[in-house]
Amino acid sequence: MTNSVKLSELDQWTTKHKKMFNFGDIISVNGEMGYGKTTVIRHLIKSFASSLEATSPTFGLMDVHELDDNYFILHIDAYRIKDATEVFGLGLDHYAPTKTMIFIEWSQNIPSYILRPNKAIDIQLTDQVNTRIINII
């Protein structure tokens, strides 16, 4: 599903499209630096009623957003990950897979034997300022 989305309309877009994501999903969020990966993830996390503001976890590598009934959304920024030992240090095994949704920026830096995305969000620039092409695969 491909959409042209104005950044000012991301709240509406994520509310409409969040049903495409389920707990248990591992979602790769792809796009070049500055394309809005964190912004799209922030709006998706907000649409699932997280009370925490989603920010870029570039230096901490992972942010945890706890929802009701021990459900979690993990936001991983793997830009700085250099080897698998850094991923093991995140403690992903402490989260029940069926109660956890994971969004990963720069997922190509995480070996697929550790986390294998089953869905993807691809973000591209358009000719229009503050508008992105968002493709959910």
Handout entry: Check: Val40 and Arg132 side chains under 4.5 Å, non-hydrogen atoms
Key = no

Handout entry: Ile133 reachable from Ile137 in the ILVMFWY side-chain graph, under 4.5 Å edges
Key = no

Practice task
Give a yes/no verdict on a cation-pi contact between Lys99 and Phe23, requiring under 6.0 Å between NZ or CZ and the six-membered ring centre and an angle within 45° of the axis.
Solution key: no

Practice task
Of all the heavy-atom pairs spanning Lys37 and Val29, show the shortest one and how long it is.
Solution key: CD-O, 3.4 Å

Fill in the blank from the handout: Rounded to the nearest 0.5 Å, the CD1 atom of Ile76 sits from the CG atom of Leu90 at a distance of 5.5 Å

Handout entry: Value rounded to 0.5 Å, distance of CD in Gln108 from CD1 in Ile81
Key = 10.5 Å

Exercise for the section: Tell me, with the steps shown, if Asn3 and His17 meet side-chain contact (heavy atoms from CB on, under 4.5 Å). Expected result: CA-CA 10 Å; Asn3 296 271; His17 291 88; 3.7 Å; yes

Practice task
Check whether any side-chain N or O of Lys18 sits under 3.5 Å from a backbone N or O of Ser47 as a donor-acceptor pair, and report yes or no.
Solution key: yes

Exercise for the section: Report the residues that fulfil side chain to side chain contact (heavy atoms under 4.5 Å, CB included) with Ile114, sequence neighbours left out, ordered by chain and then residue number. Expected result: Ala84, Val87, Phe88, Ile110, Pro111

Handout entry: In one Ile/Leu/Val/Met/Phe/Trp/Tyr side-chain cluster, 4.5 Å: Ile136, Leu7
Key = yes

Problem - From Leu67, Thr14, Thr15, residue fulfilling side chain to side chain contact (heavy atoms under 4.5 Å, CB included) relative to Phe48 - result: Leu67

Practice task
Could you tell me whether a side-chain N or O of Thr126 sits under 3.5 Å from a main-chain N or O of Thr131, the two making a donor and an acceptor?
Solution key: yes

Fill in the blank from the handout: d(Asp77 CG, Met62 CE) to nearest 0.5 Å is 12.5 Å

Fill in the blank from the handout: So CD of Gln124 and OG1 of Thr2: to nearest 0.5 Å the spacing works out to 8.0 Å

Handout entry: Pairs involving residues 22-36, ordered by first then second residue, that meet side chain to side chain donor-acceptor pair (under 3.5 Å) (sequence neighbours left out)
Key = Asp25-Asn118, Asp25-Lys119, Ser28-Asn30, Ser28-Ser107, Asn30-Asp122

Fill in the blank from the handout: Closest non-hydrogen contact found for Trp106 with Met33 is CH2-N, 4.0 Å

Problem - same_hphob_cluster(Val129, Leu10) at 4.5 Å side-chain heavy-atom cutoff - result: no

Problem - Residue pair Phe21 / Ile27: nearest heavy atoms and the distance that separates them - result: CD2-CG1, 3.7 Å

Practice task
Working to the nearest 0.5 Å, report the span between NE2 of His75 and CZ of Arg42.
Solution key: 8.5 Å

Fill in the blank from the handout: Across all chains, not counting sequence neighbours, the ring-ring contact (aromatic ring centres under 6.0 Å, His included) partners of Tyr95 are Phe72

Problem - Between OG1 on residue Thr39 and CD1 on residue Ile123, distance to nearest 0.5 Å - result: 8.0 Å

